[in-house]
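Following: one structure in structure tokens, then a few remarks.
In what follows, residues are counted from 1 in the order of the sequence shown.
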Amino acid sequence: MKYTTEIVVDVPREEFIKKMDDPDNMKHWQQGLIGYEQLSASPGQEGSRMSLSYEMGKRKMDLVETIIKKALPEEIHMTYETKGVHNIQKNYFKEEGEKTRWVSESEFQFSGFGMKLMGFLMPGAFKKQSLKYMQDFKAFAENGTSVLNS
């Protein structure tokens, strides 16, 4: 399953990247994030890995993020691995005057009958969640609004 989402954030790209590239900020725009742990000696670099833990309702989910390409401020690409799901995330950041256009290309590869079925039956849920993270990042970057207060 592949889809693209995009949003324009009313902050200059340099400020956008500074806020996005700081893992301590993730809790402010990734609802459900309960913790992260760097797994690599050189965090934030190509090839580095980070463990992420989420709680969504009564469901807990642990992912491993790997940075596969980092060419900031233009782009950053990552993979996310969890049981039954391999997600490839390609993020592009375009300057538009004092604003930043964030284009995110997502590809989900499912293994196991249950995850394949969920991907087939609920593709809109994945896109909706991606867009929600983007909207929450926009609120955080523009106004300092954190999902921790909601």
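To the nearest 0.5 Å, atom CD1 of residue Ile7 and atom CG of residue Leu131 are 6.0 Å apart. Rounding to the nearest 0.5 angstrom, the gap separating the CE atom in Met20 from the CZ atom in Arg13 is 13.0 Å. Atom CD of Glu81 and atom CG of Asp62 lie 13.5 Å apart (nearest 0.5 Å). Separation of atoms NZ (Lys18) and CG (Asn25) is listed at 10.5 Å; rounding is to 0.5 Å. Of the inter-residue distances, the one linking Gln38 atom CD with Ser51 atom OG reads 10.0 Å to the nearest 0.5 angstrom. Rounding to the nearest 0.5 Å places CD of Glu15 at 9.5 Å from CD of Glu98.
The aromatic rings of Trp29 and Trp102 sit perpendicular, their planes meeting at an angle over 60°, well past the 30° parallel limit.
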Checking Phe93 against Phe16 for the side-chain contact (heavy atoms from CB on, under 4.5 Å) test, could you report, in this order, the C-alpha distance in whole Å, the side-chain angles of both residues, the deciding distance, and whether it holds? CA-CA 9 Å; Phe93 313 107; Phe16 179 104; 3.3 Å; yes

Could you go through Val103 and Asn91, starting from their C-alpha distance and side-chain angles, then the distance that decides it, and tell me whether this counts as side-chain contact (heavy atoms from CB on, under 4.5 Å)? CA-CA 6 Å; Val103 178; Asn91 296 285; over 6 Å; no

Thr66 vs Met78, side-chain contact (heavy atoms from CB on, under 4.5 Å): CA-CA, chis, key distance, verdict: CA-CA 5 Å; Thr66 304; Met78 289 90 88; over 6 Å; no

Show, in sequence, the C-alpha distance, side-chain angles and deciding distance for His77 and Tyr92, and conclude whether the side-chain contact (heavy atoms from CB on, under 4.5 Å) test is met. CA-CA 9 Å; His77 305 184; Tyr92 301 94; 3.5 Å; yes

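Under a cut-off of 6.0 angstrom, the local environment of CD in Glu14 is sparse, with at most 12 non-hydrogen atoms contributed by other residues, nucleotides or ligands. The environment of NZ in Lys90 is sparse: at most 12 heavy-atom neighbours from other residues, nucleotides or ligands sit within 6.0 Å. For Lys27, the NZ atom counts as densely surrounded, since its 6.0 Å shell holds more than 12 non-hydrogen atoms of other residues, nucleotides or ligands.
Val9 places a side-chain heavy atom less than 4.5 Å from the side chain of Glu142. The shortest distance between side-chain heavy atoms of Lys70 and Leu72 falls below 4.5 Å. Two residues are said to be in side-chain contact when any heavy atoms from C-beta on lie closer than 4.5 Å; Ile68 and Glu46 fail this criterion. Under the 4.5 Å side-chain criterion, counting only non-hydrogen atoms from C-beta, Thr79 is not in contact with Asn87. Under the 4.5 Å side-chain criterion, counting only non-hydrogen atoms from C-beta, Glu96 is in contact with Val8. You'll find the side chain of Ser130 reaches within 4.5 Å of the side chain of Ser106, heavy atoms only. Under the 4.5 Å side-chain criterion, counting only non-hydrogen atoms from C-beta, Leu52 is in contact with Met50. Lys19 has its side chain within reach of Phe137: a pair of non-hydrogen atoms, C-beta onward, lies under 4.5 Å apart.
Both Leu117 and Phe108 are members of a single hydrophobic cluster when ILVMFWY side chains are connected at heavy-atom separations under 4.5 Å. Clustering ILVMFWY residues whenever any of their side-chain heavy atoms sit less than 4.5 angstrom apart, transitively, puts Leu148 in a cluster other than the one holding Leu33. Hydrophobic clustering (ILVMFWY, side-chain heavy atoms < 4.5 Å, transitive): Met1 and Met61 are in distinct clusters. Follow the hydrophobic side-chain contacts under 4.5 Å out from Val147 and you never reach Met26; the two are in separate clusters. Phe140 is connected to Tyr54 through a chain of hydrophobic side-chain contacts under 4.5 Å among Ile, Leu, Val, Met, Phe, Trp and Tyr, so both are in one cluster.
No hydrogens or angles considered: nothing links the side chains of Glu105 and Thr4 as a donor-acceptor pair under 3.5 Å. At a cut-off of 3.5 Å, with distance as the only test, no side-chain donor of Tyr133 or Gln31 sits close to an acceptor on the other residue. No hydrogens or angles considered: a donor-acceptor pair under 3.5 Å links the side chains of Gln89 and Ser104.
Under the 3.5 Å distance criterion, the side-chain polar atoms of Asp22 are matched with a main-chain donor or acceptor of Asp24.
Ion pairing between Arg49 and Glu65 fails under the 4.0 Å rule for side-chain N and carboxylate O. A salt bridge between Lys132 and Asp136 is present, with a side-chain N of the basic residue lying under 4.0 Å from a carboxylate O of the acidic one. Electrostatic pairing of Glu75 and Lys69 counts as a salt bridge here, judged by a charged N lying under 4.0 Å from a carboxylate O.
Partner Phe126 forms a ring-ring contact (aromatic ring centres under 6.0 Å, His included) with one of Phe110, Tyr3, Tyr80 and no other, that one being Phe110.
Shown here for Ser40 and Gly47, the closest heavy-atom pair between the two residues is OG-O, 4.3 Å.
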